[in-house]
Amino acid sequence: MFGFNITLRKIFAIPLIIILGLSSCSSIPEGHQSDSRDPYEDTNRSIFAFNLAADDYVLEPVAKTYRDTVPLSAQTAISNHVEWVGLPSTTLNSSLQGKFENATLAGLRFLVNGLTFGLVDLMENEDEPERKDFGQTLALAGVSEGSYLMVPLLGSHTTRSLAGRGFDFMFNPISFVGGSSATAIRTAETPVAALTFRSNSFDAINQIKYNSIDPYARTRSAYYQRRASQLVDIQPVKVDEDDGFGAFFE
Amino acid sequence: MVQLCCFLRSMTGFCAAVILAASLTMNPGQAHADSRIVEAEDFISSLIEDIRITVEADATTEDEKMAAINAIVDSYFDVDGITRFSAGRYWRAASSEQRKQYTRQFRNVLINTARHQFDQILGLTFMPTLSKVRGDKLILVGGTIQDSNGNLPDVEIFWRVSALAGQPMRVIDVEIENISMLKTQRDENEAIIRRGGGSFDALLQSLGERLAKIESQ
């Protein structure tokens, strides 16, 4: 329980520091931003540069070694575990969003795969639940998305999605287990999740990193498009019948 | 990839037969939409086959390969439309000279990107899943890219095809995992122009630097 309280404090402290830190930065006057959703663009770009440097020196080489040397079956097991850890949050958020079938699927998968600590997907051939997060639940409750935030080591977020992430992190099942082993696993989970993500998206991230004129703007655009697709059943975007490509034919 | 093409051909043949039979009972509008989808799927399978032939061709010089890539891009992509759209709302304000320079530079970037991307398709297969009609001008040809070696996770992809009446079909965008490559390019270009104080020349300069970097590699 003591360990859990410490973790909670850390969870709340990190986003709070980042949000307060950013709000103390002067925002760019409107008209000088490259995107109206990004009032802290200069600060965000500095953090993005830091993240790119971290990727250059640590994440990319480690992800490359991981891809080249770790057997595929082990990589799959690690990916499965990372996904399993997020299932309680998906179960809760699906329920809060009224998606009870998804909640049931996620809950069932969590219980069954829990037999192997999430390392083996025992429900491989069953319907997969859609991942649901607290940022989506906040969107459903009418909370506005806020500003675009580039978070050190965590990447693109909005104020709302970052708050949601902190909440989701509390439902990590390992948080509820005591003992030094659980602490060690909990400590390793965030870097392992980052490594898995970097490894699974290796070429896509390198494409942005090495083949863009402005990787920051490209990352922001990709983030908003991806997030919009995750929110489409909560906040349907009104697009013309040409799928937002009406201007293409003018 | 051969299996993919056989599958695509057999699927499109099958779909064509089904549509022919169903059109006896369906309303004409529905049948027309379905025939456009089949045509668009055929168009994409033909594009993929041509890319495969180009990539696998042996004993071709670099110039011949670039000529083949240029031919594919011109035959299957609406390069003029993509160029205009990628500059966003700043295209209208650009001078004639700026537009010409941008068109030239953007084409070079496009061809270099195509060359890089085409090389990566070896070992990947495209499995069509769901195609959709969007209004009267667009068809989304959807499918999954699978790595035959099993090293990469499946990726969902949509080819956005313009299907204007009386005009040949052309690809205008590729959407991967719900991220439109063209919208991303446009957002990037608009950001560069805005950061450059609204000057189109800022984009031209950045593109020039990017091309110089590509050529030096």
Side-chain angles (χ1 to χ4, degrees), chain A residues 28 30-38 41-42 45 67-68 71-73 75-76 79 83 148 196-197 199-204 206-208 210-232 237 239-250, chain B residues 78 81-82 84-86 88-89 91-92 109 112-113 116-117 120 132-138 140 149-153 155 158 160 162 164 172-173 175-198 203 205-207 209-211 213-214 217:
Chain A
I28 302 169
E30 209 164 325
H32 291 82
Q33 304 156 205
S34 68
D35 190 310
S36 58
R37 298 165 295 189
D38 190 1
E41 183 167 349
D42 286 346
R45 280 183 180 269
R67 277 161 59 101
D68 293 345
L72 204 56
S73 54
Q75 289 184 36
T76 305
S79 290
E83 199 178 314
Y148 179 73
T196 308
F197 173 75
S199 170
N200 290 341
S201 318
F202 196 78
D203 293 325
N206 280 3
Q207 179 70 18
I208 290 177
Y210 296 115
N211 295 320
S212 304
I213 297 173
D214 185 347
Y216 174 82
R218 194 167 273 256
T219 301
R220 182 178 59 197
S221 172
Y223 171 76
Y224 272 113
Q225 289 182 61
R226 184 120 173 93
R227 193 63 183 155
S229 74
Q230 291 166 345
L231 292 167
V232 76
V237 181
V239 291
D240 54 30
E241 63 169 13
D242 296 319
D243 225 13
F245 279 80
F248 193 95
F249 299 102
E250 286 172 2
Chain B
D78 181 352
I82 290 169
R84 279 195 312 274
F85 191 85
S86 67
R89 62 191 176 90
W91 176 259
R92 286 177 192 274
V109 171
N112 274 294
T113 306
H116 178 71
Q117 299 286 349
Q120 291 185 337
K132 299 177 255 189
V133 172
R134 283 279 192 268
D136 59 352
K137 302 188 189 89
L138 284 174
L140 284 173
N149 300 319
N151 292 331
L152 299 170
V155 175
F158 280 99
R160 192 168 271 110
S162 74
L164 295 167
I172 67 165
D173 184 28
E175 192 172 293
I176 300 170
E177 295 286 335
N178 297 306
I179 297 169
S180 153
M181 297 298 108
L182 183 52
K183 283 182 183 171
T184 307
Q185 183 68 61
R186 181 198 57 190
D187 290 348
E188 181 183 10
N189 288 348
E190 287 190 338
I192 292 165
I193 293 171
R194 285 186 192 136
R195 299 275 294 175
L203 176 60
Q205 189 185 337
S206 297
L207 268 174
E209 288 166 5
R210 172 84 195 119
L211 279 169
K213 196 175 166 188
I214 289 171
Q217 284 170 349

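Contacts of Arg45(A) with chain B are made by side-chain atoms alone, with heavy-atom separations under 4.5 Å and no backbone atom involved. Using a 4.5 Å cut-off between heavy atoms, Ile82(B) contacts chain A through both its backbone and its side chain. Only the side chain of Gln207(A) comes within less than 4.5 Å of a heavy atom in chain B; its backbone stays farther off. For Leu207(B), the parts lying near chain A are the backbone and the side chain together; criterion is any non-hydrogen pair under 4.5 Å. Contacts of Thr219(A) with chain B are absent, with no heavy-atom separation under 4.5 Å from either backbone or side chain.
Taking CG of Asn189(B) as the start and CZ of Arg218(A) as the end, the distance is 8.0 Å to the nearest 0.5 Å. A distance of 15.5 Å separates NZ of Lys183(B) from OH of Tyr224(A), quoted to the nearest 0.5 Å. The line from CG of Asp35(A) to CD of Glu190(B) is 9.5 Å long, rounded to the nearest 0.5 Å. Expressed to the nearest 0.5 Å, how far CD of Glu177(B) lies from CD of Gln225(A) amounts to 12.5 Å. Ile193(B) CD1 to Ser34(A) OG: the interatomic distance, rounded to the nearest 0.5 Å, is 11.5 Å.
What you find for Asn178(B) and Arg226(A) is that their closest heavy atoms are ND2-NH1, 4.1 Å.
Chosen from Leu203(B), Val155(B), Asp173(B), the residue pairing most often with chain A at heavy-atom distances under 4.5 Å is Asp173(B). Per-residue counts of heavy-atom pairs under 4.5 Å with chain A were compared for Asp187(B), Asn112(B), Ile172(B); the largest is that of Ile172(B).
Looking only at side-chain heavy atoms (C-beta outward), Phe245(A) and Ser162(B) stay at 4.5 Å or farther from each other.
Within a 6.0 Å radius of CD in Glu83(A), other residues, nucleotides and ligands contribute 12 heavy atoms or fewer. In this structure, Phe197(A) places its CZ atom where only 12 or fewer heavy-atom neighbours from other residues, nucleotides or ligands lie under 6.0 Å away.
Results of the salt bridge (Lys or Arg N to Asp or Glu O under 4.0 Å) test with Arg195(B) over Asp214(A), Asp38(A), Asp42(A) single out Asp42(A) as the only residue that passes. With Ile213(A) as reference, Arg210(B) is the one residue of Gln185(B), Gln205(B), Arg210(B) to meet the side chain to side chain contact (heavy atoms under 4.5 Å, CB included) rule.
Using cut-offs of 30° and 60° on the angle between ring planes, the pair Phe85(B) and Phe248(A) is tilted.
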Could you check Glu188(B) against Ser221(A) for side chain to side chain donor-acceptor pair (under 3.5 Å), going step by step and ending with a plain yes or no?
-> CA-CA 8 Å; Glu188(B) 181 183 10; Ser221(A) 172; over 6 Å; no
